[in-house]
**Q** 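Below you will find the structure I want to go over with you.
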Amino acid sequence: MTATATAEYLPSQRARWAGGQPISQLMAHALQNPDLISLAVGFVDQETLPASAAAAAWSSLFQDPHTAAAALQYGTTPGHLPLREQLLARTRHADAADPPLALEQIVVTAGSNQLLQLVSESLLDPGDIVLCAAPTYFVYLGLVAGLGARAVGVASDAAGMIPDALEETLARCQRHGDLPRVKAVYLVPYFDNPAATTVPAPRRAAIVELAKRWSKHGRIHVISDEAYRELRYAGEDLPSPRVWDEEGDTVIVAGSFSKSFSPGIRVGWGLLPRHLIGPVNDQKGNADFGSPNLNQYLMARVLELGLWEPHLARIRSSYSEKLKAMLAAADLHLARLPGVEWHRPQGGLYVWVRLPGGLDAGLDGPLFDAAVREGVLYVPGEYCYPAAGEPVQRNSLRLSFGVQSCAKIREGVEKLARALRAAG
Ligand SMILES: Cc1ncc(COP(=O)(O)O)c(C=O)c1O
């Protein structure tokens with residue numbers, strides 16, 4: 001009999017880069033304490049998920065056996081043509097830009113996160129740099145780290161990334177000989193996750209202009225992550241940063257139906273500069289040679305039947321009430337606590353809270369413990385800061401109002417206030 005050697009697993013470099021994401025610890029807290037009011041989870045509202053719209057689209061799709069069979073078959077790498085045509089028409093209407101967007105510039109992905117992954121794989125080598133607002137979407141920070149690239153934080157305020165700070169960061173990269181490694185600026189211009197900021201039009205123009213002007217060694221792209229664009233509860237929609245990209249060679253848009261319809265269907269899309277059509281589709285060919293076809297057919301049918309807009313109207317009114325409930329509870333319970341401040345967003349799913357200077361909101365800090373004891377969970381702000389650039393603000397946290405009822409939101413904010421008094 002031969003003995004089988006038990007050989008050790010040697011993780012790949014990519015596995016090591018991808019490891020140690022702190023979010024799993026947070027999820028573990030939520031699972032261990034199911035009675036906590038989670039103002040941490042960034043899910044959409046369970047109550048307003050579009051079950052009847054999805055059922056209507058589904059039965060319409062399956063009425064015709066040919067369509068049903070096509071939907072149950074593999075699709076194409078760039079995605080279901082009628083869905084891409086709908087996206088083209090809608091984008092041309094919302095963001096009339098010159099040169100006009102062409103069909104081949106649209107790729108459908110399994111959520112916008114996959115688009116971010118494919119684009120980042122197409123742009124970044126290990127050691128390359130992406131400039132991000134500090135704070136920013138922590139999953140994207142993990143994605144960049146997973147490619148062995150570096151995210152560098154740029155100062156932001158209540159109106160998102162500050163163009164002057166972006167220029168200073170670019171100049172600093174140049175002084176350190178790092179400018180050739182800067183490949184992209186990552187921007188969440190509508191109701192950012194976590195800070196809920198919306199970048200005003202002049203800043204959008206300035207950021208695109210800076211990316212172009214500083215593209216001295218190679219193109220610096222702007223990745224415009226527009227996952228929350230449709231979740232606006234007040235004020236007017238703003239044009240995408242793409243509109244200021246007159247040559248059409250700088251801005252990449254990541255869009256999504258996850259927040260505005262259903263994350264379970266998980267259909268997102270990308271609008272690509274022409275030179276990225278080949279590279280992104282090559283990456284997608286290797287990843288899955290086409291996102292789940294059935295989901296794309298379903299989403300296309302939802303749009304064709306005019307079921308998206310009424311759903312949007314419903315969720316806007318529901319989220320708007322929840323946001324009001326959270327802001328009113330903050331006014332009532334947090335305003336009296338010295339040094340506690342928060343943004344008043346016009347959309348999205350989050351309220352970003354800053355605490356007095358020395359108060360650490362991290363998992364190992366006094367506030368998190370006190371909050372768990374009180375029965376409320378939040379996302380520590382420190383997760384949302386790139387490791388380099390702007391310093392990490394440990395005295396910050398993200399509250400989500402998407403999932404909980406208005407009553408639970410009020411109760412959760414009151415519990416947070418009690419935890420703040422205990423920890424402060
Ligand atoms: C800023 C941002 N971008 C992208 C995504 C990914 O969304 P999806 O992949 O479901 O489209 C999220 C999800 O929370 C997000 O907050």
Side-chain angles (χ1 to χ4, degrees), residues 21 23 26-27 30 38-46 49-50 79 83 87 106-121 130 132-144 146 151 153 156 160-161 184-199 222-232 240-241 251-271 280 284 287-288 291-292 295-296 298-299 302 308 312 315 319 343 345 347-352 379 381 383-386 398-403:
Q21 299 309 326
I23 193 65
L26 192 61
M27 303 285 268
S38 177
L39 300 180
V41 65
F43 286 10
V44 301
D45 179 20
Q46 192 76 8
L49 279 169
L83 178 58
L87 288 167
I106 302 182
V107 57
V108 178
T109 48
S112 54
N113 230 86
Q114 191 195 30
L115 191 275
L116 296 176
Q117 178 83 36
L118 300 174
V119 158
S120 302
E121 282 174 354
V130 183
C132 307
T136 197
Y137 175 42
F138 54 79
V139 176
Y140 187 67
L141 295 176
L143 194 163
V144 170
S156 64
M161 185 184 282
V185 177
Y186 171 71
L187 193 68
V188 187
Y190 302 91
F191 317 115
D192 196 355
N193 175 5
T197 52
T198 289
V199 179
V222 175
I223 303 171
S224 180
D225 178 345
E226 304 183 0
Y228 296 89
R229 180 169 182 175
E230 292 81 15
L231 298 196
R232 175 179 283 282
S240 163
V251 178
I252 300 155
V253 172
S256 177
F257 288 113
S258 284
K259 311 296 173 185
S260 66
F261 196 73
S262 156
I265 298 177
R266 205 77 196 274
V267 169
W269 67 90
L271 311 179
V280 167
K284 189 157 173 58
D288 60 9
S291 294
N295 302 28
Q296 300 181 59
L298 188 64
M299 210 49 237
V302 165
W308 190 40
L312 273 177
I315 59 171
Y319 286 140
H343 291 166
L349 293 178
Y350 311 109
V351 171
W352 179 245
V379 172
Y383 294 165
C384 309
Y385 284 84
R398 187 195 80 177
L399 300 178
S400 311
F401 54 84
V403 175

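It should be emphasised that the depicted structure is a prediction, and the values quoted were computed from it without experimental measurement. Just so you know, ligand 1 is whichever comes first in the structure, and atom 1 is the first atom listed for that ligand.
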**Q** Checking the side chain of R398 only, and the main-chain atoms of A40 only, is there a donor and an acceptor separated by less than 3.5 Å?
**A** yes
**Q** I'd like to check which ligand 1 atoms, numbered from 1 as shown, lie under 4.0 Å from a non-hydrogen atom of K259.
**A** 13 (C), 14 (O)
**Q** Quick one: are R266 and N113 in side-chain contact, heavy atoms under 4.5 Å?
**A** yes
**Q** If the test is ring-ring contact (aromatic ring centres under 6.0 Å, His included), which one of Y319, Y228, Y137 qualifies with Y350?
**A** Y228
**Q** Answer yes or no: is there a donor N or O on one side and an acceptor on the other, between the side chain of S400 and the main chain of V41, under 3.5 Å?
**A**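 Yes, because the side chain of S400 sits within donor-acceptor range (under 3.5 Å) of the backbone of V41.
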**Q** Provide the number and element of each atom of ligand 1 under 4.0 Å from a heavy atom of A227.
**A** 2 (C), 3 (N), 4 (C)
**Q** What atoms of ligand 1 come within less than 4.0 Å of a heavy atom belonging to R266?
**A**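 Counting atoms of ligand 1 from 1, those under 4.0 Å from R266 are 8 (P), 9 (O), 10 (O).
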**Q** Is Y350 in polar range of ligand 1, meaning some N or O pair under 3.5 Å apart?
**A**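 Looking only at distances, the answer is no, because the N/O contact criterion of under 3.5 Å is not met.
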**Q** What protein heavy atom lies closest to atom 7 (O) of ligand 1? Include the residue and the distance to one decimal.
**A** S112 OG, 3.4 Å
**Q** Answer yes or no: does an N/O atom from Y186 fall short of 3.5 Å to an N/O atom of ligand 1?
**A** no
**Q** What is the minimum heavy-atom distance between L115 and A254, and which atoms define it?
**A** CD1-CB, 3.7 Å
**Q** Near G111, which atoms of ligand 1 are under 4.0 Å from a heavy atom of that residue?
**A**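 Answer, ordered by atom number: 8 (P), 9 (O), 11 (O).
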**Q** What atoms of ligand 1 come closer than 4.0 angstrom to any heavy atom of S256?
**A**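 Here the atoms of ligand 1 in question are 8 (P), 11 (O).
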**Q** Just need the protein heavy atom nearest to atom 5 (C) of ligand 1, so name the residue and atom and give the distance.
**A** Y137 OH, 3.3 Å
**Q** Quick one: which of S224, P189, S240 gives a side chain to side chain contact (heavy atoms under 4.5 Å, CB included) with R229?
**A**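 The residue from S224, P189, S240 that satisfies side chain to side chain contact (heavy atoms under 4.5 Å, CB included) with R229 turns out to be S240.
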**Q** Is a side-chain N or O of S256 found less than 3.5 angstrom from the main chain of G268, in a donor-acceptor match?
**A** no
**Q** Show me which atoms of ligand 1 lie under 4.0 Å from any heavy atom of Y228.
**A**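 Result: 1 (C), 2 (C), 14 (O), 15 (C), 16 (O).
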**Q** Of the options L231, L49, D45, which is the one that meets I315 in a side chain to side chain contact (heavy atoms under 4.5 Å, CB included)?
**A** L231
**Q** Of the protein's non-hydrogen atoms, which lies at the shortest distance from atom 1 (C) of ligand 1, and what is that distance?
**A**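 In this structure, atom 1 (C) of ligand 1 has D225 OD2, 3.4 Å as its nearest protein heavy atom.
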